[in-house]
Peer 1: 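Below is the structure I would like to discuss, written out as C-alpha cells.
First the proteins, then the strands, lettered A, B, ... as listed; each starts at 1. Only this structure's heavy atoms are used, side chains among them; waters, hydrogens and symmetry mates stay out.
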Number of protein chains: 4
Amino acid sequence: MAPTTQQPAAHDQAVSPPRGKGRPRSAAADRAILDATREALAELGWGGLTMGHVAARAGVAKTTLYRRWPSKNELVVDAVASLFDELEMADLGSLRADIEAVVAQFAVLLARPESQAALLALFAEGSRDPQLRRRVRERIVEPQKCLVQQGRAQAQLRGELSPDRDEATASEEIDIIFDTIAGTVEHRLLVSGRPITPDWISRFTTLLLNPLPGLTSTRADQDQG
Amino acid sequence: MAPTTQQPAAHDQAVSPPRGKGRPRSAAADRAILDATREALAELGWGGLTMGHVAARAGVAKTTLYRRWPSKNELVVDAVASLFDELEMADLGSLRADIEAVVAQFAVLLARPESQAALLALFAEGSRDPQLRRRVRERIVEPQKCLVQQGRAQAQLRGELSPDRDEATASEEIDIIFDTIAGTVEHRLLVSGRPITPDWISRFTTLLLNPLPGLTSTRADQDQG
Amino acid sequence: MAPTTQQPAAHDQAVSPPRGKGRPRSAAADRAILDATREALAELGWGGLTMGHVAARAGVAKTTLYRRWPSKNELVVDAVASLFDELEMADLGSLRADIEAVVAQFAVLLARPESQAALLALFAEGSRDPQLRRRVRERIVEPQKCLVQQGRAQAQLRGELSPDRDEATASEEIDIIFDTIAGTVEHRLLVSGRPITPDWISRFTTLLLNPLPGLTSTRADQDQG
Amino acid sequence: MAPTTQQPAAHDQAVSPPRGKGRPRSAAADRAILDATREALAELGWGGLTMGHVAARAGVAKTTLYRRWPSKNELVVDAVASLFDELEMADLGSLRADIEAVVAQFAVLLARPESQAALLALFAEGSRDPQLRRRVRERIVEPQKCLVQQGRAQAQLRGELSPDRDEATASEEIDIIFDTIAGTVEHRLLVSGRPITPDWISRFTTLLLNPLPGLTSTRADQDQG
DNA sequence: GGCTAAACGAGACGGTACGTCGCGTCTTCCA
DNA sequence: TGGAAGACGCGACGTACCGTCTCGTTTAGCC
C-alpha cells in the first residue's frame, strides 16, 4: 500500500496515475523517510524517535513528513509494516513443520530492534485511538493472521485437518489460534524477555497441536479417547 | 509495597516509625496521588497522562510527586500494580475450572480502562528501560505467574498432574503456560480487540488442557464430550 | 508604471509591444493581484497579508505573483502607490488655501485602511532595505514632495513667496516644509491616532505660516533679520 | 514600570512585594532579555529579530520570555521604552534654545540603530493592534509629549508665552506642537533619510517660532489679529 | 495550421520561526 | 523541615509562510 496520502489519491487503485495537478510527491522522499524511521527506531527506540529527527535524517523538511503522515504513530505503522510483508507461509509437508517455521519467522522478525521498539508502543497507542488501531490491524496484524488461515488451508488440503464445517466456526478457530500464537510469542519475547529457541518452538507447537479439534490424525484420538 | 520512597524510609512494613526528624510525609498524599493517577489513566489514557495533571488532580504539588516517584513510568506501575493484587487462585476442584476462573479474572482486570491504558504502555517503555522492566515484572507480571505456579501445584496435589521431575523442567513448563495464557488473553483483548466470553474461555482452556504433557487423567475428555 | 517586470520588458510606456515569443502576461492578473493586495491589506493589515493569501484571493498561482514582484514589500508598494497618484495640487489663489487643500487631501488618503496599514510598514521595512527605500521614495514619497514644490512655485508666481535665491537653498526649504507637513500629518493620524479636522488643518497651516500663537516677544523677528 | 507581568501583580503599586507564593520571577532574566532585545534589534533590525534568538542571547528559555511578554511587539516596546526615559527638558533660558535642545536630544535618540529599527515598526504594528497602540503611547509617545508640555510651562513662566486660556485649548496646542516636532524629526530621519544637523534644527525651530521665511505679505498678521 | 515558447494553475519541496506543552529541577514562602 | 506554588531551562511539538521547484495545461505569435 502506498503512503498514507491523506488526499484521497491512489487509495484503492494502485495503478491509478498520480492524477493530481501540481508537482507530484517525491517517491524518493517516501523511501528516505521510511528508511530513516526504521533506523532511528532501531537506534533510539520509540521514545527517542522524533519527527524532527526523522526528517533531518531523511534529508527532508518536517512539513514534507507531516504532509504524508499525520503523526508519529501512523508513520511508524507504515515504516514497520513493510517488515511484516516478508512473513510468508512455507509448505513443508506437515502442519507441525509449518507452524514451527512460521513461529520461527515471527520470532526473527520480533527480534529486530525496530519492530521491538515499535510493536508494543503501537499496540498501546492503538488502545486509545481507533483510527490507529484500524491501521495497525490492516498493516501489521492481518498479515500475520493470514498465515494462520493459509496454514490451516494447507493442512486441510493435506488431510491433516478436517474441512470447515461452517464459516463462523472456522473464523473463530482461526482467531483463537492466531491470538495464541501471536500473543504467546510476543509475550515471551517482549514481556518475559526470554529468547525463542528451537526447543521452545517445539514445545509450544506441541502444546498447540495435540488437541486441535477436528484433528484427523490419531494422536489426538489416543490422547482423547 | 509502599511507594518508592527514594529515601530509605518505610519500605514494606507500615509499622516502621516515621523516623526522620522533620515533618513526616503525608500518607493521604500517597493515596490521593495513586487514585488520581488511576482516574486520569482511565479518562485520558497513557498518552494523555501528565505529571502536572496528576499533581493538580490530587491537590498536590509536583514536587511532592517527584519526591516519591522518579518518573511517570514508576508512578503508573505502582498505581496499576495494586489492581493486580486482587488476582487470586481459586481452588475449584479441577484444573480446568481453576484455569477458566483465572482467565476470567484476568479478562475482567484487563477490561478496566486504566489497566488497558497502562499495561501495554508499561511493557513498551520497559523494553528500553531495564529498571522499569524489573519493576513491572516484580509488581505486575510475577503476581500473574504466581497463579500459574499455584494452579499447577494444586493440580499436582489433586493428582491431575504428575509431580515435578526436576526444578528446571518445571520452571520451563510454567513459563510456557504462563506466556501462553497471559499473552493470548492480552492479545485478544488489546490487539485483536475482541471480547473474552465464557465460550472463548472454554475453547481456550480446551486448547491448553488436552494434551498437556504429564496429564494423567482423562478429565479433559469428559469435559469436552 | 507597469508592474516590476523583472525581465527588461515594458517599463514605462505601455505602448512597447510584448516582444517575447511566448504567451504574454495576463494584464487581468496584474489588476486582480493589485486589487486583492489592497483589499487584503485593508482587511488584515500588513502583518496579516501573505503572498499565498493574495494569490488565492486574486485567483492566481503564487508563481504568477512572484514572476512579477520579488517580494511582499515591492508588491505592496505598487499596490498602494497608485493611491498616491490621486494627490494633486490645486491652485486656489492663496498659499494658505493651497496648503489646507493639500493637507486635507493627504489626510483623506491616510484615512484609508489600506494606506494606513501599508505606509508605516513600508517605511519601517525600507529603513533596512535600500532597494525598497528607493522604490518607496520613487512611488510614494516623491509624489507628495512634488506637491510642495508645485505649491511653492505657485506662491512665488503669485508673489506670496520671494523667488528662489539659489538652487540649494530652495531644495533645503522644500525639504523642511515637506518633512514637516508629511511627518506631522502622519504622526497625528497614525501615531497619536487623532482625526484630522478642518479646524486642525487651519491651526496647523497657521503654525506653518505664522509664529507660535501666544508668543509674547518678537524675538523671532530679531533672530531672522 | 515593571515588565508586563501578565498576572495582575505589582502593577500599580511599585512598592508592593512580589506577594505571589511560588518562586519569584528572576529580575536578572528581565534585564538580560531587555538587553538582548536591544542588542539584537541594533544588529539585526526588526525583521531579523526572533524570539528564539533573543532568548538564546539572553541565556534564557523561550518559555521564560513568553511568560513575561505575549509577543515580540510588547517585548520591543519595553526594551526600547527605557531609551526614551533619558529624554529630559533642559531649561536653557529661552524657548528657542529649549526647543533646539530637545529636538537635538530626540535626533540623537532616533539615530541609535535600535530605536530606528523599532520605532516605525512599532507604530506600524500599533495601527492594527489597539492594545499595542496603547502601550506604545504610554511608554514611548507620552514621555516625548511630556517634554512639550514642560517646555511650554517653562516658557510661560518666563513670560515668553501667554498663560493658558483654558484646559482644552492648551491641550490642543500641545498636541499640534508635539505632532509637528515628533513627526517632522521622525520623517526627516526615518523616511527622508537625511541627517539632522544643528543647522537644520535651527531652521526648523525658526519655522516653528516664526512665519515662513520668504513670506512676502503680512497676511499672517492679518489672519491673526 | 502546426510549432514553439512563455505564462499559467496547482501544489510539493526545504526552510525558518512560531507559540505551546510537558518534563524534571529550582527557589521561595508557609505551616 | 515537608509541602504548595510556581518560575526555570530544555526540547519536541505541529503550524504557518516563505520563496523555489516541478509538473501538466493554455495561449499566444511565427513559420
Peer 1: How would you list, by chain and number, every residue that makes a side chain to side chain contact (heavy atoms under 4.5 Å, CB included) with C:R23, sequence neighbours excluded?
Peer 2: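 Result, side chain to side chain contact (heavy atoms under 4.5 Å, CB included) vs C:R23: none returned.
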
Peer 1: Between atom CD1 in A:I33 and atom P in E:dA12, what is the gap in whole Å?
Peer 2: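 Atom CD1 in A:I33 sits about 13 Å away from atom P in E:dA12.
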
Peer 1: Let me spell it out: for each of D:A61 and C:S71, pick the nucleotide of DNA chain F with the closest heavy atom. Which residue's pick is nearer the 5' end?
Peer 2: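 Nearer the 5' end of the strand: D:A61.
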
Peer 1: Partners of D:A56 by side chain to side chain contact (heavy atoms under 4.5 Å, CB included), sequence neighbours excluded?
Peer 2: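 D:A56 satisfies side chain to side chain contact (heavy atoms under 4.5 Å, CB included) with no residue once adjacent residues are dropped.
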
Peer 1: Within residues 49-59 of chain A, which residues have any heavy atom lying less than 4.0 Å from an atom of DNA chain F?
Peer 2: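 Close to the strand are A:T50, A:M51, A:G52.
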
Peer 1: Using the side chain to side chain contact (heavy atoms under 4.5 Å, CB included) criterion, which residues pair with D:T37? Sequence neighbours excluded.
Peer 2: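 In terms of side chain to side chain contact (heavy atoms under 4.5 Å, CB included), with neighbours along the sequence ignored, D:T37 is linked to D:I33, D:L49, D:V54, D:L75, D:V76, D:A79.
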
Peer 1: Side chain to side chain contact (heavy atoms under 4.5 Å, CB included) with B:R128: which residues, sequence neighbours excluded?
Peer 2: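 Applying side chain to side chain contact (heavy atoms under 4.5 Å, CB included) to B:R128 gives none.
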
Peer 1: By nearest heavy atom, map C:T64 and A:A27 onto DNA chain E; which one lands nearer the 5' end?
Peer 2: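 The answer here is C:T64.
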
Peer 1: Whole Å only: how far is the CG atom of B:L44 from the P atom of E:dG22?
Peer 2: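 Taking CG of B:L44 and P of E:dG22, I get 10 Å after rounding.
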
Peer 1: Rounding to a whole Å, what distance do you find between D:D30:CG and F:dA7:C1'?
Peer 2: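 Spelled out: CG on D:D30 to C1' on F:dA7 is 12 Å.
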
Peer 1: D:T50 side chain to D:H53 main-chain N or O, any donor-acceptor pair under 3.5 Å?
Peer 2: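 The answer is no, because no donor-acceptor pair under 3.5 Å joins these two groups.
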
Peer 1: According to side chain to side chain donor-acceptor pair (under 3.5 Å), who are the partners of B:E39, at least two apart in sequence or on a separate chain?
Peer 2: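 Expected list: B:R57.
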
Peer 1: For A:Q131, I'd like to know if atom CD has over 12 heavy atoms of other residues, nucleotides or ligands within 6.0 Å.
Peer 2: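 No - once you tally the heavy atoms of other residues, nucleotides and ligands closer than 6.0 Å, there are 12 at most.
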
Peer 1: Measure the distance from CG on A:L65 to P on F:dA12 and round it to the nearest whole Å.
Peer 2: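 Between P of F:dA12 and CG of A:L65: 15 Å.
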
Peer 1: Closest approach to the side chain of D:R68, judged atom by atom: which nucleotide of F:dA7, E:dC13, E:dA10 is it?
Peer 2: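 Of the candidates, F:dA7 comes closest.
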
Peer 1: Under the side chain to side chain donor-acceptor pair (under 3.5 Å) rule, collect the residues that match up with B:R38, sequence neighbours excluded.
Peer 2: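 Here the qualifying residues are B:D35, B:S82.
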
Peer 1: Salt-bridge test for A:R68 and A:D78: reply yes if a basic N is under 4.0 Å from a carboxylate O, no otherwise.
Peer 2: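 Salt bridge flag = no for A:D78 with A:R68.
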
Peer 1: Which atom pairs link the protein and nucleotides 20-23 of chain F when you take only N or O atoms and keep those under 3.5 Å?
Peer 2:
from   : atom 1 : to    : atom 2 : distance (Å)
F:dC21 : O2     : A:R23 : NH1    : 3.1

Peer 1: Take atom CZ of A:R25 and atom P of E:dC13, then tell me their distance rounded to the nearest Å.
Peer 2: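 Rounded to whole Å, this separation is 6 Å.
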
